[in-house]
Amino acid sequence: DIVANSSSNEIYVLAQYGLFRAPLHDGENITELITIYQNAFFGSETFLSLDPIDEKLYWGTQQGIFRINTNGASYQTVIPIEFTNASYNIPHGIVLDHSIDRLIWAATTRMMQAHIDGSEIDALIAGIQQPKRIQIDAPSQKMYWVDRSRILRANVDGSHLEEIVSTNSQTSVVDLC
């Protein structure tokens, strides 16, 4: 996965073996922020999220949700393996909402939430199918995500779930920007 930070003019790339930083203008001078061993992913799809306010990067694997400063310092486990080890809690997209001090992630059959420090973990929305690529529109306090063939939204408190776009079962919705 890849994210851009326009305020620092850098891109961050989460690859199979590490997390890397490079200048946005040319991609030269790549710096490895942290080495991540292949078995840390267990073949799962991972997603990178930038917190431009606290200058941190977040990502999730089957081992948990992690963060590191954009300069490579202060690597931390935010949500430990004990919680995300159950297949229905594996993160498939992570966003932060500082206005409500929440970390929200898409899990296999639900939307999960916790405080940004990783405390008070609970299900925000349950009974949904394979949500991924969550995004938040902070001014409207809405979150958007994709599943196999739909784009859905709800309020960031989990209320007012609605389908925005639905395609036929042969067409997959892949990403949101």
Side-chain angles (χ1 to χ4, degrees), residues 1-81 83-84 90-107 111-121 124 131-146 151 153-157 173-177:
D1 204 9
I2 186 169
V3 295
N5 186 347
S6 58
S7 65
S8 68
N9 289 317
E10 295 177 313
I11 59 171
Y12 303 94
V13 178
L14 181 61
Q16 187 172 14
Y17 296 103
L19 180 58
F20 303 89
R21 175 183 63 209
L24 189 58
H25 63 278
D26 64 10
E28 303 279 326
N29 303 314
I30 297 171
T31 304
E32 184 176 44
L33 299 178
I34 187 170
T35 299
I36 302 170
Y37 298 103
Q38 182 179 12
N39 64 357
F41 293 110
F42 297 110
S44 68
E45 192 172 10
T46 58
F47 300 96
L48 186 61
S49 184
L50 172 67
D51 174 2
I53 294 172
D54 290 334
E55 296 184 5
K56 295 186 183 298
L57 296 162
Y58 287 76
W59 70 96
T61 72
Q62 289 180 347
Q63 291 185 333
I65 295 175
F66 307 93
R67 74 175 159 221
I68 193 168
N69 292 351
T70 56
N71 66 4
S74 300
Y75 169 76
Q76 298 174 306
T77 301
V78 182
I79 308 291
I81 190 171
F83 181 74
T84 61
I90 296 169
H92 296 286
I94 302 166
V95 294
L96 290 96
D97 187 342
H98 280 281
S99 69
I100 58 172
D101 184 42
R102 289 297 193 183
L103 174 68
I104 300 172
W105 68 97
M111 299 300 287
M112 301 296 295
Q113 68 174 348
H115 284 288
I116 291 175
D117 66 5
S119 65
E120 297 187 31
I121 301 164
L124 188 59
K132 293 185 180 189
R133 295 294 190 174
I134 181 172
Q135 296 291 329
I136 288 184
D137 177 24
S140 71
Q141 287 295 285
K142 299 275 187 191
M143 59 183 168
Y144 295 80
W145 66 94
V146 300
I151 298 174
R153 79 172 168 201
N155 293 337
V156 293
D157 65 4
V173 177
V174 178
D175 204 351
L176 287 174
C177 295

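Numbering of residues begins at 1 and proceeds along the displayed sequence. This is a predicted model, so every value here is computed, not measured.
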Problem - W145 CH2 to I136 CD1 distance, which is reported to the nearest 0.5 Å - result: 10.5 Å
Exercise for the section: Hey, could you give me each pair passing salt bridge (charged side-chain N to carboxylate O under 4.0 Å, His left out) that has a residue in residues 5-16? Not counting sequence neighbours. Expected result: E10-R21
Completion exercise
By salt bridge (Lys or Arg N to Asp or Glu O under 4.0 Å), R102 pairs with (sequence neighbours left out) none
Completion exercise
Between M143 and I104 the two heavy atoms that sit nearest each other are SD-CG2, 4.1 Å
Exercise for the section: Taking atom types as modelled, find out whether Q141 and S99 have a side-chain donor-acceptor pair closer than 3.5 angstrom. Expected result: yes
Practice task
Scan for salt bridge (charged side-chain N to carboxylate O under 4.0 Å, His left out) pairs involving residues 59-78, sequence neighbours excluded, and state none if there are none.
Solution key: none
Handout entry: Euclidean distance, D51 CG relative to H98 NE2, rounded to 0.5 Å
Key = 3.0 Å
Practice task
Might you work through the side-chain contact (heavy atoms from CB on, under 4.5 Å) test for L57 and L33, ending with a clear yes or no?
Solution key: CA-CA 10 Å; L57 296 162; L33 299 178; 3.9 Å; yes
Exercise for the section: Run through T31, L14, V13 and flag the one making a side-chain contact (heavy atoms from CB on, under 4.5 Å) with L19. Expected result: L14
Problem - N69 side chain vs N71 backbone, donor-acceptor pair below 3.5 Å - result: no
Practice task
Give a yes or no answer on whether the side chain of D117 reaches the backbone of S119 with a donor-acceptor pair at less than 3.5 Å.
Solution key: yes
Handout entry: Heavy-atom side-chain contact between L50 and T70 under 4.5 Å
Key = yes
Problem - D101 CG to I116 CD1 distance, which is reported to the nearest 0.5 Å - result: 4.5 Å
Problem - Spatial distance of atom CD1 (I94) from atom CD1 (I65) [nearest 0.5 Å] - result: 4.5 Å
Completion exercise
d(I121 CD1, I79 CD1) to nearest 0.5 Å is 3.5 Å
Problem - Worked check of side-chain contact (heavy atoms from CB on, under 4.5 Å) between Y144 and V95 - result: CA-CA 11 Å; Y144 295 80; V95 294; over 6 Å; no
Problem - Criterion side-chain contact (heavy atoms from CB on, under 4.5 Å) on L96 and K56, from CA distance to verdict - result: CA-CA 11 Å; L96 290 96; K56 295 186 183 298; over 6 Å; no
Exercise for the section: Quick one: closest heavy-atom pair of P91 and G64, and the distance? Expected result: CG-O, 4.1 Å
Practice task
Give, for atom OH of Y58 and atom CD1 of I68, the distance between the pair rounded to the nearest 0.5 Å.
Solution key: 12.0 Å
Fill in the blank from the handout: Closest heavy-atom pair, I30 versus A22, reported as atoms and distance to 0.1 Å, is CG1-CB, 3.9 Å
Handout entry: Heavy-atom pair of closest approach, residues A106 and P131
Key = CB-O, 3.4 Å
